[in-house]
Amino acid sequence: MCIERSRPQFDKKKYIEAPQEPDVVIYYREIGRKEPDIIRVYEYEEAYVVCPTGETKVLAEPGFYRIYSRPARVTWVRLSKLTLTVGVPSTNLPFRYGVHADIVLFPKNVQMIVIGVAKVAREGVITIDLIKEELRRILRDAVLNVKLDPNKPRKEIISRIHDEINTLLKRSWLSMFVCDVQGIGFSHECELAKFLEG
């Protein structure tokens, strides 16, 4: 293995960590010989280190770690579930109403993240906005595939959309995630609510 636990560092120039912005879900980076050899893992994330030999080490405990054989690839993954609302406006659908869904997204297979996403570039980040953009496309396709009828019972609509979104997720670059569809809404319901309130 190319990594071992290290003493805490107090100088931020001496270690590498994932960006601390709240919208960062995944951050990956190749750490070269001229960069700091210590990484930091926080309690709300896991890090995956791919050594030059190809071995992978999972860092599930927070702390500081020294990489003593480089270049190594490190992928930080935020562990919390993402609760997102995504919508597709009526202009992107062949009927007169838009659709929105409340979705809980969580990592299914983090190893797939390490194998797939982290090979794309030397450094990169996946944010909530990127994930929402892809989920919006998947929701549109799911609505069209199941021929959604807003007059059907809500539980049936949610169940069908839930199954279809998870099927489409497997074929997208979000294949390392699974989702739980919590609710579905339609734009004409929003208009009715505005009318009733007024």
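In this text, all values refer to a predicted model and were calculated from it rather than measured experimentally. For the single chain, residues carry numbers from 1 onward in sequence order.
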Asks: Answer yes or no: does atom CZ of R7 have more than 12 heavy-atom neighbours from other residues, nucleotides or ligands under 6.0 Å?
Replies: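 No, the 6.0 Å shell around CZ holds no more than 12 heavy atoms from other groups.
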Asks: Specify the closest pair of heavy atoms between R96 and S90, including all atoms of both residues, with the distance to one decimal.
Replies: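 Heavy-atom minimum between the residues: C-CB, 4.0 Å.
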Asks: Please step through side chain to side chain contact (heavy atoms under 4.5 Å, CB included) for the pair V178 and F106, ending with a clear verdict.
Replies: CA-CA 6 Å; V178 291; F106 47 95; 3.1 Å; yes
Asks: Out of curiosity, does L130 fall in the hydrophobic cluster containing I138 (side-chain heavy atoms, cut-off under 4.5 Å, transitive links)?
Replies: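 In one cluster with I138: L130, yes.
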Asks: Do other residues, nucleotides or ligands put more than 12 heavy atoms under 6.0 Å from the CD atom of E123?
Replies: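 Yes, enclosed.
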Asks: How many angstroms lie between NZ in K170 and CD1 in I165, if you round to the nearest 0.5 Å?
Replies: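 That separation rounds to 13.5 Å.
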Asks: Does the side chain of D180 come within less than 4.5 Å of H162's, by heavy atoms?
Replies: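 The answer is yes, as the side chains (C-beta and beyond) meet within the 4.5 Å cut-off.
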Asks: Please find out if less than 6.0 Å separates the ring center of Y15 from that of F64.
Replies: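 That pair passes the under 6.0 Å test.
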Asks: State the CG-CZ distance between D37 and R66, to the nearest 0.5 angstrom.
Replies: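 The distance works out to 4.5 Å.
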Asks: Are more than 12 heavy atoms, taken from residues, nucleotides or ligands other than Q182, located less than 6.0 Å from that residue's CD atom?
Replies: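 Counting neighbours around CD of Q182, more than 12 heavy atoms of other residues, nucleotides or ligands fall under 6.0 Å, so yes.
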Asks: Inspect the contact between E61 and R5 and indicate whether a charged nitrogen and a carboxylate oxygen are less than 4.0 angstrom apart.
Replies: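 So R5 pairs with E61 through a salt bridge.
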Asks: So how far is it from W173 CH2 to I131 CD1, rounded to the nearest 0.5 Å?
Replies: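 So the CH2 of W173 and the CD1 of I131 are separated by 5.5 Å.
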Asks: Indicate yes or no: at least one non-hydrogen side-chain atom of S187 is less than 4.5 angstrom from one of P89.
Replies: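 Of all side-chain heavy-atom pairs linking P89 with S187, none is under 4.5 Å.
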Asks: I'd like to know if E46 pairs up with R78 as an ion pair, taking the criterion as any Lys NZ or Arg NE/NH1/NH2 lying under 4.0 Å from an Asp or Glu carboxylate oxygen.
Replies: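 Salt bridge absent between E46 and R78.
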Asks: When hydrophobic residues are tied together by side-chain contacts of less than 4.5 Å, even through go-betweens, does V24 share a cluster with Y42?
Replies: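 No; Y42 is not reachable from V24 via cluster members.
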Asks: Can you check whether L135 reaches L174 side chain to side chain, under 4.5 Å on heavy atoms?
Replies: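 SC-SC contact between L135 and L174 confirmed.
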Asks: Please confirm whether the backbone N or O of K155 pairs with a side-chain atom of S159, one donor and one acceptor, at under 3.5 Å?
Replies: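 Pair absent, no side-chain N/O of S159 close to backbone of K155.
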Asks: Return the CG to CG distance between L168 and D141, rounded to the nearest 0.5 Å.
Replies: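 The CG atom of D141 is 6.0 Å from CG of L168, to the nearest 0.5 Å.
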Asks: Assess, by modelled atom type and distance only, whether the side chains of Y65 and E4 contain a donor and an acceptor separated by less than 3.5 Å.
Replies: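 Side chains of Y65 and E4: no pair found under 3.5 Å.
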Asks: Could you point out which residue of I161, V88, I184 forms a side-chain contact (heavy atoms from CB on, under 4.5 Å) with V143?
Replies: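 For V143, the side-chain contact (heavy atoms from CB on, under 4.5 Å) test succeeds with only one of I161, V88, I184, which is I161.
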Asks: For the atom pair CZ (R136) and NE2 (H100), what is the distance rounded to the nearest 0.5 Å?
Replies: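 The distance works out to 13.0 Å.
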Asks: Which atom names give the shortest non-hydrogen contact between E21 and P19, and what distance separates them?
Replies: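 Taking every non-hydrogen atom into account, OE1-CB, 2.9 Å.
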Asks: I would like to know whether K132 and I128 meet side chain to side chain contact (heavy atoms under 4.5 Å, CB included); could you show each step before the answer?
Replies: CA-CA 6 Å; K132 282 180 90 167; I128 289 173; 3.9 Å; yes
Asks: With a 4.5 Å cut-off on side-chain heavy atoms, are V181 and N166 touching?
Replies: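 Result no, sub-4.5 Å side-chain heavy-atom pair not found.
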Asks: So do F186 and V99 actually touch side chain to side chain, heavy atoms under 4.5 Å?
Replies: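 Sidechains of F186 and V99: in contact.
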Asks: Taking atom types as modelled, is there a side-chain donor on D23 or T127 under 3.5 Å from an acceptor on the other?
Replies: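 Short answer, no.
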Asks: List the steps, then state whether salt bridge (charged side-chain N to carboxylate O under 4.0 Å, His left out) holds for R140 with E164.
Replies: CA-CA 11 Å; R140 181 183 59 82; E164 188 63 19; over 6 Å; no
Asks: For the CG atom of L139 and the SG atom of C179, what is their distance to the nearest 0.5 Å?
Replies: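 It is 9.5 Å, given to the nearest 0.5 Å.
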Asks: Does V49 belong to the same Ile/Leu/Val/Met/Phe/Trp/Tyr cluster as I31, with side-chain heavy atoms less than 4.5 Å apart forming each link?
Replies: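 Yes.
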Asks: Any ion pair linking R137 and E134 (charged N to carboxylate O, less than 4.0 Å)?
Replies: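 A salt bridge is present here (some side-chain N lies under 4.0 Å from a carboxylate O).
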Asks: Determine whether T85 and I103 make a side-chain contact, defined as any pair of heavy atoms from C-beta on separated by less than 4.5 Å.
Replies: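 Heavy-atom side-chain distance check fails, nothing below 4.5 Å.
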Asks: Please find the pair of heavy atoms, one from E17 and one from Y27, that lie closest to each other, and give the distance.
Replies: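 Taking E17 first and Y27 second, the nearest heavy atoms are O-CE2, 3.9 Å.
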Asks: When you look at V74 and I67, which way does the side chain to side chain contact (heavy atoms under 4.5 Å, CB included) test go after all the steps?
Replies: CA-CA 10 Å; V74 182; I67 300 173; 3.9 Å; yes
Asks: Check whether L169 and L144 end up in the same hydrophobic cluster, where Ile, Leu, Val, Met, Phe, Trp and Tyr are linked by side-chain heavy atoms less than 4.5 Å apart.
Replies: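 Both belong to a single hydrophobic cluster.
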Asks: Between D149 and F95, does the side chain to side chain contact (heavy atoms under 4.5 Å, CB included) criterion hold? Intermediate values first, please.
Replies: CA-CA 10 Å; D149 180 358; F95 25 83; over 6 Å; no
Asks: Decide, yes or no, whether a salt bridge links R70 with E30 under the criterion of side-chain N to carboxylate O below 4.0 Å.
Replies: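 Not counted as a salt bridge, because no side-chain N and carboxylate O are separated by less than 4.0 Å.
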Asks: Which atom pair, heavy atoms only, marks the closest approach of P36 to K14?
Replies: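 P36 and K14 have their closest heavy atoms at CB-O, 3.5 Å.
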Asks: Looking at W76 and E45, what are the two nearest heavy atoms and their distance?
Replies: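 The answer is CD1-OE2, 3.5 Å.
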Asks: If you take all heavy atoms of Y28 and V125, which pair is closest and at what distance?
Replies: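 Reported closest heavy-atom pair: CE2-N, 4.1 Å.
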